[in-house]
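What follows is a short report on a single structure.
So you know, we letter chains A, B, ... as the sequences are listed, proteins then strands, and number each from 1. Atoms considered below: every heavy atom in the structure, side chains included; atoms not considered: hydrogens, waters and symmetry mates.
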Amino acid sequence: MSFSFEITKKSSEAPLARVGIIHTPHGDIHTPAFITVGTKATVKSLTVEDVSNYVGAQAVLANTYHLYLKPGDDLVLKHGGFAKMMGWSGPTFTDSGGFQVFSLGQAIGHGVSKIATSEEISKRETKEETSNHEKLAVIDDDGVTFKSIHDGSVHRFTPERSMQIQHNLGADIFFAFDECTSPLAPIEYQKEAIARTHAWAKRSLDEHKKLGVSVATGKQQALFGVVQGGAYEGLRKESATVLGGMDFDGYGIGGSFTKEDMATAVKWVNEILPENKPRHLLGIGEPMDMLLAIENGVDTFDCVSPTRIARNGALYTYDGRININNNQYKNDMSPISDDESWYTHKYTKAYLSHLFHSDEMLAATLASIHNLKFITQLVDDARQALVDDKFMEFKNSFIKRYYKK
RNA sequence: UCCGUGGUAGCUCAGCGGUAGAGCAGUUCGCUGUUAACGAAUUGGUCGUAGGUUCGAUCCCUACCCACGGAG
């Protein structure tokens, strides 16, 4: 089976929202779907059985930069791709390394997130000057020079190189090499950056066509272009128009956003992108953000948040986020999750609290299973609500309960 | 019984004439295409007890109590 996308239902309530199926050589993805992140070919602290049986994940996303450095894409290739290496038989994605352009470049050392509040953006000058940290990613028009996070060795990524590595990694769906910009970058810089990203998109596409099927899997891979443009309407629309005109199999919506109106930026883009191709919102995974994005036509998501905050003791619940490390849970005999069908129903909050306070590895595992299940289930439920023409009701009741203060 | 060393935050310890600090633990917050089992903030102490010297003692002196080591 090769790659294709079919829309099985358009929402009667929101003009951009839809339900669909992404067909890949390794199975179908029912959309909207949350894609679990496994950066280094592992969903941190979980086995693939946890990921499929307890989380119910449909697909896994790994990272080009990290696997290229360790263990090396040649070694991943020897396994027949990263999915085989990690024992995952379902659909897979790889990110291109474009996010590391930001996270190891502008972001490093001064705690800038790709999502900034409008207040932070208005104070951008003061924040940008505090760059006493050496950048590990330096951009030029042809590509990016990275310094390894492991040993400082120098590595060169170009669109072509990213494609070659991703062909070795063998994901069903992979992304063009792009430049993820800082939300604090001024519009002049964002303009330069999307010009680069568009040129790199074309080069990515050309190289992918030249390479043919994945050497790792022998399967045809689907390439998604990545829309940039930050929080600027004109740039987002321009990027969607330019990339939408290229022959990609689908689209990633990447880059930085303003916290308060991410959904607006998604809407600008999705009104322009070809309707019949899937849209992946890169690196977004907070409940509210996802629901608004689904409403505005996003099909898939990936995000490190569920697993990262899990390892640090934060859990999603339908009544909002909790920190299981808090004193009140030491004696809380209620189950981690209320739903009896969830794996984490069998354990008490007091037990998980104990595991965290004792620095036990199982703490990360149970918390990660729980958070991934929560987020995956949320998107699955949203999909069902779309099918049932009850999306707005579903969204509003979830938000009312989750964000009540 | 004698000699020695030491008793400072819950723990391990630093400080040494001007009424105290660190790390960890504790408490709380933050993490959105993973440089993250990470980062940040913050609560804890009449410095073993009782005297003495001194303008002033956690610090110097004496006695006592406790712990550890050595001798017997």
Side-chain angles (χ1 to χ4, degrees), chain A residues 34-46 60-67 69-70 93-105 107-117 133-137 146-152 162 171 173-181 183 224 226-228 251-259 262 280-290 293 298 300-314 316 321-330 355-368 371 375:
Chain A
F34 180 78
I35 311 304
T36 299
V37 175
T39 301
K40 301 178 187 174
T42 168
V43 180
K44 291 185 194 296
S45 83
L46 303 191
V60 172
L61 176 144
N63 180 275
T64 299
Y65 170 85
H66 290 285
L67 288 179
L69 287 181
K70 264 187 185 178
F93 293 60
T94 46
D95 184 32
S96 62
F99 181 69
Q100 279 64 43
V101 178
F102 166 64
S103 66
L104 302 180
I108 203 160
H110 36 157
V112 184
S113 163
K114 58 181 260 181
I115 306 199
T117 61
H133 208 284
E134 193 205 359
K135 287 190 180 109
L136 298 177
F146 285 109
K147 273 194 181 168
S148 165
I149 55 170
H150 301 115
D151 59 10
S162 176
I173 295 167
F174 69 117
F175 291 93
F177 190 54
D178 66 319
E179 178 185 347
C180 180
T181 56
F224 285 24
V226 181
V227 175
Q228 289 287 338
Y251 293 91
I253 303 168
S256 51
F257 298 94
T258 307
K259 176 67 184 160
M262 178 186 307
H280 179 93
L281 184 54
L282 286 152
I284 297 301
E286 285 302 311
M288 170 88 95
D289 295 335
M290 288 198 299
V298 167
T300 53
F301 304 86
D302 72 276
C303 192
V304 303
S305 202
T307 47
R308 184 188 289 170
I309 72 172
R311 289 192 303 282
N312 299 325
Y316 294 116
R321 239 179 75 166
I322 65 168
N323 190 339
I324 197 69
N325 284 306
N326 287 5
N327 211 12
Q328 66 181 111
Y329 298 110
K330 279 183 180 162
L355 292 176
F356 269 104
H357 285 286
S358 307
D359 208 19
E360 283 290 338
M361 292 187 288
L362 187 60
T365 301
L366 293 183
S368 295
N371 279 355
I375 292 297

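Separation of the C1' atoms belonging to B:A57 and B:U49 is 15 Å when rounded to the nearest angstrom. Between the P atoms of B:G4 and B:G21, the separation comes to 34 Å (whole Å). With C1' as the reference atom, B:U8 and B:C31 are 37 Å apart, rounded to whole Å. Between B:C55 and B:G17, the two C1' atoms lie 12 Å apart (nearest whole Å). For the P atoms, the distance linking B:G48 with B:A14 amounts to 14 Å, nearest Å. Going from the P atom of B:G6 to that of B:G15 covers 11 Å, rounded to whole Å. The same atom, P, is picked in B:U43 and in B:A20; the two are 15 Å apart, to the nearest Å. B:U28 and B:C64: their P atoms are spaced 47 Å apart (whole Å).
Under the side-chain hydrogen bond (donor to acceptor under 3.5 Å, both in side chains) criterion, A:Asp151 pairs with A:Ser148, A:Ser153, not counting sequence neighbours. Remark: A:Tyr65 engages A:Phe146 in a ring pair (Phe, Tyr, Trp, His ring centres under 6.0 Å) (not counting sequence neighbours). By the side-chain hydrogen bond (donor to acceptor under 3.5 Å, both in side chains) test, A:Thr300 is found to be paired with A:His280, residues two or more places apart in sequence or in another chain being considered. For A:Thr64, there are no side-chain hydrogen bond (donor to acceptor under 3.5 Å, both in side chains) partners at least two apart in sequence or on another chain. Applying the side-chain hydrogen bond (donor to acceptor under 3.5 Å, both in side chains) rule to A:Asn63 yields the partners A:Gln100; only residues at least two apart in sequence or on another chain are considered. Considering only residues two or more places apart in sequence or on other chains, A:Ala107 meets the side chain to side chain contact (heavy atoms under 4.5 Å, CB included) condition with A:Phe102. A:Lys330 is linked by a side chain to side chain contact (heavy atoms under 4.5 Å, CB included) to A:Asn327, A:Ser353, A:His357, counting only residues two or more places apart in sequence or in another chain. Qualifying side chain to side chain contact (heavy atoms under 4.5 Å, CB included) partners for A:Ser45, counting only residues two or more places apart in sequence or in other chains: A:Ala364, A:Thr365, A:Ser368. The side chain to side chain contact (heavy atoms under 4.5 Å, CB included) search around A:Asp289 returns A:Lys259, A:Met262, A:Ile284, A:Glu286, not counting sequence neighbours.
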Assign a letter to each nucleotide of nucleotides 23-32 of chain B from its 5' end: B, base within under 4.0 Å of a protein heavy atom; S, sugar-phosphate only; -, no contact. ---SSSBBBB
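Contact annotation for A:Leu61: backbone-only contact, meaning every heavy-atom pair under 4.0 Å involves sugar-phosphate atoms and none involves a base. Residue A:Ser45 is out of contact with every strand shown, counting any heavy-atom pair closer than 4.0 Å. The residue A:Lys40 sits close only to the backbone: its heavy atoms come under 4.0 Å of sugar-phosphate atoms, none of a base. Contacts of A:Gln228 with the nucleic acid, taken as non-hydrogen atoms under 4.0 Å apart, include base atoms. Across all strands, A:Asp178 comes closer than 4.0 Å to base atoms (heavy-atom distances). Using a 4.0 Å heavy-atom distance criterion, A:Gly252 is classed as making no nucleic acid contact.
Donor-acceptor pairing under 3.5 Å, judged by distance alone, is present between the side chain of A:Thr307 and the base of B:U34.
The distance from atom NE2 of A:His66 to atom P of B:U34 is 6 Å, rounded to the nearest whole Å. If you take CD1 of A:Ile35 and C1' of B:U34, they are 17 Å apart, rounded to a whole angstrom. Rounded to whole Å, the distance from NZ on A:Lys70 to P on B:U35 is 14 Å. As a whole-Å value, the separation of A:Glu134 CD from B:U35 P is 16 Å. Distance, A:Asp359 CG to B:A37 P: 12 Å, rounded to whole Å.
Summarising the geometry of A:Phe257 relative to A:Pro183, their closest heavy-atom pair is O-CB, 4.2 Å, with the distance given to 0.1 Å.
RNA chain B forms stems at B:1-7 with B:65-71, B:10-13 with B:21-24, B:26-30 with B:38-42, B:48-52 with B:60-64, each a run of 3 or more consecutive Watson-Crick or G-U wobble pairs whose two key distances fall under 3.5 Å.
Both A:Ala62 and A:Arg311 sit near RNA chain B, but only A:Ala62 has its closest nucleotide nearer the 5' end.
Within the structure, every side-chain polar atom (N or O) of A:Gln100 is placed at least 4.0 Å from both OP1 and OP2 of B:G33.
Ring pair A:Phe224/A:Phe175: centre-to-centre distance below 6.0 Å.
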Please write out the pairs of protein N or O atoms and N or O atoms of nucleotides 39-41 of chain B separated by less than 3.5 Å, giving the distance to one decimal.
none

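A donor-acceptor contact shorter than 3.5 Å is absent between the side chain of A:Asp302 and the backbone of A:Thr36. Looking only at distances, a side-chain donor or acceptor of A:Ser96 sits under 3.5 Å from a matching main-chain atom of A:Gly98.
Base orientation for B:G56: anti, the chi torsion being more than 90° from 0.
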